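The structure displayed is predicted, hence computed values, not measured ones. As the structure lists them, so they are numbered: ligands from 1, and atoms in each ligand from 1. Note that these values count all heavy atoms, side chains included, but never hydrogens, waters or copies made by symmetry.
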Amino acid sequence: MLNINNPSLLSFLVSSEDDGIAVTNPAIGEVLGYVPIQTEQAIEQCIEQASIGQKRWAAMAAKERSGLLRCWFELIMENKEDLARLMTLEQGKPLAEAQGEVVYGASFVEWFAEEAKRTNGETIPAIAGNKRLMTIKQPVGVACAITPWNFPIAMITRKAAPALAAGCSFIVKPAELTPLCAFAVAELAYQAGIPRDVLQVVLGQDAPTVGSIFTSHPLIRKLSFTGSTQVGRILMEKSAHDIKRTSMELGGNAPFIVFDDANIEAAVQGALASKFRNAGQTCVCANRFYVHSSIYDQFVTKFDAAVQQLNVGNGLEDGVQVGPVISLQAKQNIQALTERAIEQGANPVSSWQPLDGLFVAPVVLKDVTHQMDIVSQEIFGPVAPVIAFDSDEELIEMANDTIYGLASYFYSQNIHRVWKIAEALEYGMVGINEGIISTEVAPFGGVKQSGIGREGGKQGIDEYLDIKYLCFGGS
Ligand code: ADP
């Protein structure tokens, strides 16, 4: 099943479970191949090599690093079809979405290839005439990352590209469920000329072991994590001992709000895109819908009609829009939350049928109240609970009533309300009349327990740079 045009992308594979871990296709349960794992000592050696490589890498001209990153970007784009196929095979998302992720993932490499040349310092007017003050920016050193399975390429490139652009070396532990894309995209970096000690992919016996090495090794200066708030908290606690820099991109509980002055057709399209992308498995997916009571029935009917048209199946098949969820545990969590909501009084707008394997039928739930468990917990699946609201004040209170603060969305055509709501939402990102907000040119990240730091935009590279202040005396 792992037949792709460029077999060099798979040169990392090992022959059996004795040498590595199995990677499985969630659509059909078939083992795709085995990827290598490393002992604790081997991972420590990788860190030592990364430290040596980093010094050479940082000493290169920014323009030269930029050129190598540009070359990596071009190779990712040239191998787009193969990478997308690998992604659908190991992660399950429909092929068209996987192609979209390869392009999106590559866009960070292109963007930070450009930003590599712009890590400017500044001069500061001194308070005494005989002094001269300035700042320079320098790479933090060896940076490491732990990434999730829902975006097997983009979650790596949006950390690796700014790290490399800044002059750091970079080691990533990808999710055990989706390592094929991680190794394949690193292989393309090597083919582009990026040294093997500057970019490394490692897997250990288990994730907590690698997490402990990353957070305790003295040569690691920075950890960037994308995943659950629960694991992010553990990694921050462990990083605290050595005061390591961290960036955390954690869970979300995005509200999607439709006001009575919204364009309802546009809101339905935005809701579909925001909720059902990647079968609902993204941290910025709409988790709960608040719709003004005067348009509630109209919105729910139209939204459900569109949801009933969604084609669920194996992501490699033509026309499939919703693939499998990632694991049996994920499926059970989604089902349990949905069944609990129904017990608590929610009603599926159309009948909700169980599906075989790891597939979950998309469903819109009406008669949902803000107090139900499904509203406060991350669903991470194709289930859309819709709550009615009456006043803007009540709405804001409900929308902000969460420990999370990653993405939020609202639809309104009233400019006064747009400003008021955009400012009142306690979130790192707000989509206004828009359901898809992520791009390499804007800062992505959360507030509250959704995280610390920003990825992408001109801010993304700062996560991998230290500011040094230079004070020149008068003599
Ligand atoms: P998800 O629910 O999306 O799988 P997790 O936070 O569990 O989110 O996983 C995200 C990443 O964190 C994965 O690469 C996973 O292997 C890793 N991970 C999980 N638990 C730990 C841990 N205790 N220490 C370090 N990494 C972990």
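With sequence neighbours excluded, the residues forming a side chain to side chain contact (heavy atoms under 4.5 Å, CB included) with V349 are V300, D304, V364, K366, listed by chain and number. With sequence neighbours left out, F380 forms a ring pair (Phe, Tyr, Trp, His ring centres under 6.0 Å) with W149. For F73, the ring pair (Phe, Tyr, Trp, His ring centres under 6.0 Å) criterion is met by no residue, not counting sequence neighbours.
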Is there a side-chain hydrogen bond (donor to acceptor under 3.5 Å, both in side chains) between N6 and N79? Walk through the geometry before answering. CA-CA 8 Å; N6 180 357; N79 288 272; 2.9 Å; yes

Write out each pair where an N or O from ligand 1 and one from the protein are under 3.5 Å apart, with the distance.
| unit_1 | atom_1 | unit_2 | atom_2 | d |
| --- | --- | --- | --- | --- |
| ligand 1 | 3 (O) | W149 | NE1 | 3.4 |
| ligand 1 | 4 (O) | W149 | NE1 | 3.0 |
| ligand 1 | 6 (O) | S228 | N | 2.8 |
| ligand 1 | 6 (O) | S228 | OG | 2.7 |
| ligand 1 | 14 (O) | T147 | O | 2.7 |
| ligand 1 | 14 (O) | K173 | NZ | 3.1 |
| ligand 1 | 16 (O) | K173 | NZ | 3.0 |
| ligand 1 | 16 (O) | E176 | OE1 | 2.7 |

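A salt bridge is absent between R454 and D462; no separation between the charged side-chain nitrogens and carboxylate oxygens falls under 4.0 Å. Ion pair E115/K458 not flagged as a salt bridge, since none of the NZ, NE, NH1 or NH2 atoms sits closer than 4.0 Å to an Asp/Glu carboxylate oxygen.
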